[in-house]
*Asks:* 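One structure is given below, represented as structure tokens, and several questions about it will come after.
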Amino acid sequence: MKKRIIVVSAPSGGGKSVVANHILEHYKNVQFSVSATTRKMRKGEVNGKHYYFLSKEEFEEKIKENELVEYENIFSNYYGTLRSEIELAFEKQKQILFDIDVKGAYSIKKHYPEDTLLIFLKPPSLEVLKNRLINRKTETEEQLEKRIARAKMEIEMSADFDFVIVNDVLDETLKQVDDILSKFL
Ligand code: 5GP
């Protein structure tokens with residue numbers, strides 16, 4: 001069955017952006033859902049492309065105005081999906097790609113059960129994940145520990161996803177993603 005919503009979840013540092021970029025490059029009818037967040041912009045990120053970077057007050061205003069389909073507090077920052085991103089994509093007959101956490105993924109599936117495909121990228125081990133995060137050099141030691149603890153929780157919670165791919169060798173991961181998408185897009 002064809003799906004209009006593809007959610008790719010993975011623990012932080014789990015290789016989501018590479019997979020998301022692959023999908024956006026090769027599937028021209030797929031559009032990225034730009035989330036809102038209160039976290040600080042990282043080097044190389046563009047406001048409106050990777051995220052809408054908001055202040056805490058601006059984000060809370062959006063919650064109040066019911067502009068978010070779902071939101072979570074992750075690592076002491078808000079992250080949320082804007083209703084407008086989904087509505088605009090549907091209007092344009094586009095499929096939409098989400099890079100959101102496991103809880104957010106289940107919320108989207110609950111809102112759009114028939115339309116949503118959930119894919120989880122599982123790190124080969126927590127050790128590998130930790131090394132990826134260390135190499136990324138964007139987190140402090142404390143943030144790193146928080147991300148590893150959350151990764152454990154996300155891996156446990158991912159059991160009900162439609163597909164779980166062990167993201168070890170990138171080419172193999174991308175091949176599995178292509179196999180899945182060829183059936184559902
Ligand atoms: P990062 O700070 O590394 O960009 O993202 C941290 C986590 O927040 C990742 O797991 C990412 O997928 C998740 N995330 C990003 N946007 C959203 C969103 O709109 N909703 C939810 N629930 N999680 C999000």
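Numbering of ligands and ligand atoms starts at 1, following listing order. Nothing fancy with the numbering, it's 1 onward along the sequence.
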*Asks:* If we only count N/O pairs under 3.5 Å, is Y71 in contact with ligand 1?
*Replies:* no

*Asks:* For atom OH of Y71, is the number of surrounding heavy atoms from other residues, nucleotides or ligands below 6.0 Å larger than 12?
*Replies:* no

*Asks:* Which one holds for E139 and ligand 1: side chain close, backbone close, both close, or neither close, with close meaning a heavy atom under 4.0 Å?
*Replies:* neither

*Asks:* Under 4.0 Å between a Lys/Arg side-chain N and an Asp/Glu carboxylate O for R42 and E139?
*Replies:* yes

*Asks:* Please list the nearest protein heavy atom to atom 11 (C) of ligand 1 with its residue and the distance rounded to 0.1 Å.
*Replies:* K16 NZ, 3.5 Å

*Asks:* Charged N to carboxylate O under 4.0 angstrom, D179 versus K175?
*Replies:* yes

*Asks:* Taking only non-hydrogen atoms of R150, do any sit less than 4.0 angstrom from ligand 1?
*Replies:* no

*Asks:* Against ligand 1, does R39 come closer than 4.0 Å with any heavy atom?
*Replies:* yes

*Asks:* Side chains of D178 and Y27: donor-acceptor distance under 3.5 Å anywhere?
*Replies:* yes

*Asks:* Report the nearest protein non-hydrogen atom to atom 7 (C) of ligand 1: residue, atom name, distance rounded to 0.1 Å.
*Replies:* I74 CD1, 4.2 Å

*Asks:* Got a salt bridge between E60 and K56, using NZ or NE/NH1/NH2 to carboxylate O under 4.0 Å?
*Replies:* yes

*Asks:* Mind checking what makes side chain to side chain contact (heavy atoms under 4.5 Å, CB included) contact with I148, not counting sequence neighbours?
*Replies:* L129, K130, L133

*Asks:* Starting from atom 20 (N) of ligand 1, locate the nearest protein heavy atom and write down its residue, its atom name and how far away it is, to 0.1 Å.
*Replies:* E70 OE2, 2.7 Å

*Asks:* Is it true that D101 and R150 have a side-chain N and a carboxylate O under 4.0 angstrom from each other?
*Replies:* yes

*Asks:* Can R4 be said to sit on top of F90's aromatic six-ring, NZ or CZ under 6.0 Å from centre and within 45° of the ring axis?
*Replies:* yes

*Asks:* Could you list the atoms of ligand 1 found under 4.0 angstrom from a heavy atom of T81?
*Replies:* 19 (O)

*Asks:* Report the part of Y51 in contact with ligand 1, treating N, CA, C, O as backbone and CB onward as side chain, heavy atoms under 4.0 Å; options are side chain, backbone, both, neither.
*Replies:* side chain

*Asks:* Return the closest protein heavy atom for atom 17 (C) of ligand 1 as residue, atom name and distance.
*Replies:* I100 CG2, 3.4 Å

*Asks:* Looking at ligand 1, is there an atom of it that comes within less than 4.0 Å of some heavy atom belonging to R147?
*Replies:* yes

*Asks:* Considering non-hydrogen atoms of the protein only, which is the closest contact for atom 2 (O) of ligand 1, and what is the distance?
*Replies:* Y79 OH, 2.5 Å

*Asks:* Sequence neighbours left out, what passes ring-ring contact (aromatic ring centres under 6.0 Å, His included) with H22? Give chain and number order.
*Replies:* H26

*Asks:* For F75, is at least one N or O under 3.5 Å away from an N or O on ligand 1?
*Replies:* no

*Asks:* Do other residues, nucleotides or ligands put more than 12 heavy atoms under 6.0 Å from the NZ atom of K2?
*Replies:* yes

*Asks:* Is any side-chain heavy atom of E45 closer than 4.5 Å to a side-chain heavy atom of F53?
*Replies:* yes

*Asks:* Any idea which atoms of ligand 1 are less than 4.0 Å away from a heavy-atom of E72?
*Replies:* 22 (N)

*Asks:* Provide, to 0.1 Å, the distance between atom 19 (O) of ligand 1 and the closest protein heavy atom, together with that atom's residue and name.
*Replies:* S35 OG, 2.7 Å

*Asks:* Is D99 close to ligand 1, meaning an N/O of one under 3.5 Å from an N/O of the other?
*Replies:* yes

*Asks:* Got an N/O contact under 3.5 Å between D101 and ligand 1?
*Replies:* yes

*Asks:* For R42 and ligand 1, answer yes if some heavy atom of the residue is under 4.0 Å from a ligand atom, otherwise no.
*Replies:* yes

*Asks:* Any chance NZ of K109 has more than 12 other-residue heavy atoms, nucleotides or ligands included, within less than 6.0 Å?
*Replies:* yes

*Asks:* Suppose I only count heavy atoms of G104 and a 4.0 Å limit; which atoms of ligand 1 are within that range?
*Replies:* 22 (N)

